[in-house]
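Here the structure is laid out as structure tokens; the discussion comes afterwards.
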Protein chains: 2
Amino acid sequence: MKTSCQHRHRHSHKKQELAALTSRLRREARKITGPRAAILEILRHHPHPLTNKEIFAQLPKGECDLATIYRAMQMLEKLGMVKRFDFGDGAARFELVGEGDDGHHHHLVCTRCAEVVEIAECFPEEIERRIANTNGFTGVTHRLEFFGLCPECQK
Amino acid sequence: MKTSCQHRHRHSHKKQELAALTSRLRREARKITGPRAAILEILRHHPHPLTNKEIFAQLPKGECDLATIYRAMQMLEKLGMVKRFDFGDGAARFELVGEGDDGHHHHLVCTRCAEVVEIAECFPEEIERRIANTNGFTGVTHRLEFFGLCPECQK
DNA sequence: AGCCAGTTGCAAACGGTTTGCAACTGGGTG
DNA sequence: CACCCAGTTGCAAACCGTTTGCAACTGGCT
Ligand SMILES: [Mn+2]
Ligand SMILES: [Mn+2]
Ligand SMILES: [Zn+2]
Ligand SMILES: [Zn+2]
């Protein structure tokens, strides 16, 4: 038996096919343009959340405008194809999300070199349920990121 | 016997004396000025994190400049008298921290009306320790906030 | 009373993000 | 396959929270 994870995140299917991504776009009546294909291609090959500027930097220069990336990420987020993360440094980060996955998961970030580790653990459901009930809230979810010193930066 | 909380936050001592706060400033060789006293007075009476703009709005108009508030909060944070929180809306929020307390705690925020509830629960230490060990990180801590619909907004 | 490091107001700069607009194009229609 | 237009793009300007340079001011010590 394999260790089973209580949530199935995007970690399960490493890379999504570009074709699957574009068909998902087409299905939503969105156009497959040069910039969009390029952005998806970059996200597809990157395992951790990327800022708009980082995506921009990876693009062959002149490929597309920064504003276009902002607009693309907004759209992809609305379609649920991308998940937004916040490492508290003032820049949004985005990660591709598998189809049918809500992308909810967490990270461990080095406060010195910014190395990122994907974390499988989540805040215990039972405690969250208690917090929600105690306060009469519904639809409760959480934002959670871990910070510390990575092995390299401890030396 | 009273229900004991595993961490001792600022929730224990409801309001700190203004005198205690100013003496804490003096001890650090900081000047007690009009703006600073006014800011502390506002924080002292507010149970939840406030943005700089919110503090500014509560100040008798003309009392002090917005930039002064930004500078004051930076200083207070550095002295550990105030804790910074991030509800993901792009504006930092600050809450007064009791002496000897690091202020670590969490909130439950209504996504519709922005009501805030102080939360006593924390991410389980044992799981956090495991996450740190597994990845060789040290000094691991976390940022965690809950979001949902408050009782009022469900109607 | 006098001094000076620390503090303040003001305005400009900053960095991430959004937006108005006119030119352009993907992809369905006939 | 040519046409057409809603959707998309680049560019520049606007935005918004935050920081900073600077000259005037002041709390608290001698
Ligand atoms: Mn991730
Ligand atoms: Mn709080
Ligand atoms: Zn989680
Ligand atoms: Zn915690």
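Just so we're on the same page: letters track the sequence lines, and every chain starts at 1.
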Closest approach to the side chain of [X], judged atom by atom: which nucleotide of [options] is it?
X: B:Q74; options: D:dT19, C:dG27, C:dT18; result: D:dT19
X: B:P35; options: C:dG9, D:dT8, D:dT19; result: C:dG9
X: A:A67; options: C:dG16, D:dA12, D:dT8; result: D:dA12

Subject >> Check: D:dG21 base within 3.5 Å donor-acceptor of B:R71 side chain >> reply: yes
**OP:** Kindly say whether, by distance alone, the side chain of A:R30 makes a donor-acceptor pair under 3.5 Å with the base of C:dG27?
**Re:** no
If I take atom [atom1] in residue [X] and atom [atom2] in nucleotide [N], what distance separates them, rounded to the nearest angstrom?
X: A:K61; N: D:dG10; atom1: NZ; atom2: P; result: 16 Å
X: B:D89; N: C:dT18; atom1: CG; atom2: C1'; result: 16 Å
X: A:R93; N: C:dG16; atom1: CZ; atom2: P; result: 10 Å
X: B:D65; N: D:dG17; atom1: CG; atom2: C1'; result: 14 Å
X: B:K31; N: C:dA5; atom1: NZ; atom2: P; result: 10 Å
X: A:D86; N: C:dT17; atom1: CG; atom2: P; result: 10 Å
X: B:I39; N: C:dT7; atom1: CD1; atom2: C1'; result: 12 Å
X: B:R27; N: C:dG6; atom1: CZ; atom2: C1'; result: 19 Å

Original post:
Looking at CG of B:L25 and CE of B:M75, how far apart are the two atoms once the value is rounded to the nearest 0.5 Å?
Top reply: 5.0 Å
**OP:** First locate atom CG of A:N135, then atom CG of B:L108, and finally report the distance between them rounded to the nearest 0.5 Å.
**Re:** 5.5 Å
Subject >> Whether B:H142 and B:H106 hold their rings parallel, tilted or perpendicular, with breakpoints at 30° and 60° >> reply: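 Judged by the thresholds at 30° and 60°, the geometry between B:H142 and B:H106 is parallel.
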**OP:** Name the nucleic acid region contacted by B:A92, choosing base, sugar-phosphate or nothing; use a 4.0 angstrom heavy-atom cut-off, strictly under.
**Re:**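 Contact class for B:A92: sugar-phosphate only.
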Original post:
With a 4.0 Å cut-off on heavy atoms, is A:E63 in touch with a base, just the backbone sugar-phosphate, or nothing at all?
Top reply: sugar-phosphate
Look at the side-chain N and O atoms of [X] and state whether any lies under 4.0 Å from the OP1 or OP2 oxygen of [N].
X: B:T33; N: C:dT8; value: yes
X: B:R36; N: C:dG6; value: no
X: A:Y70; N: C:dT18; value: no
X: B:N52; N: D:dG17; value: no

Original post:
Would A:R36 and A:E41 pass as an ion pair if we require N to O under 4.0 Å?
Top reply: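 Judged by the 4.0 Å cut-off on N to carboxylate O distance, A:R36 and A:E41 do not form a salt bridge.
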Original post:
Which residue lies toward the 5' end of DNA chain D, B:A91 or A:T68, if each is placed at its nearest nucleotide?
Top reply: A:T68
Subject >> Most 5' of B:K53 and B:R26 on DNA chain D, judged by nearest nucleotide >> reply: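 Of the two residues, B:K53 wins.
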**OP:** Would you list the pairs meeting side-chain hydrogen bond (donor to acceptor under 3.5 Å, both in side chains) in which at least one residue belongs to residues 67-89 of chain B, sequence neighbours left out?
**Re:** B:E77-B:R84, B:D89-B:R93
Original post:
If Ile, Leu, Val, Met, Phe, Trp and Tyr residues are connected whenever their side-chain heavy atoms lie under 4.5 Å apart, and connections chain through other members, are A:L144 and A:F85 in the same group?
Top reply: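 No; A:F85 is not reachable from A:L144 via cluster members.
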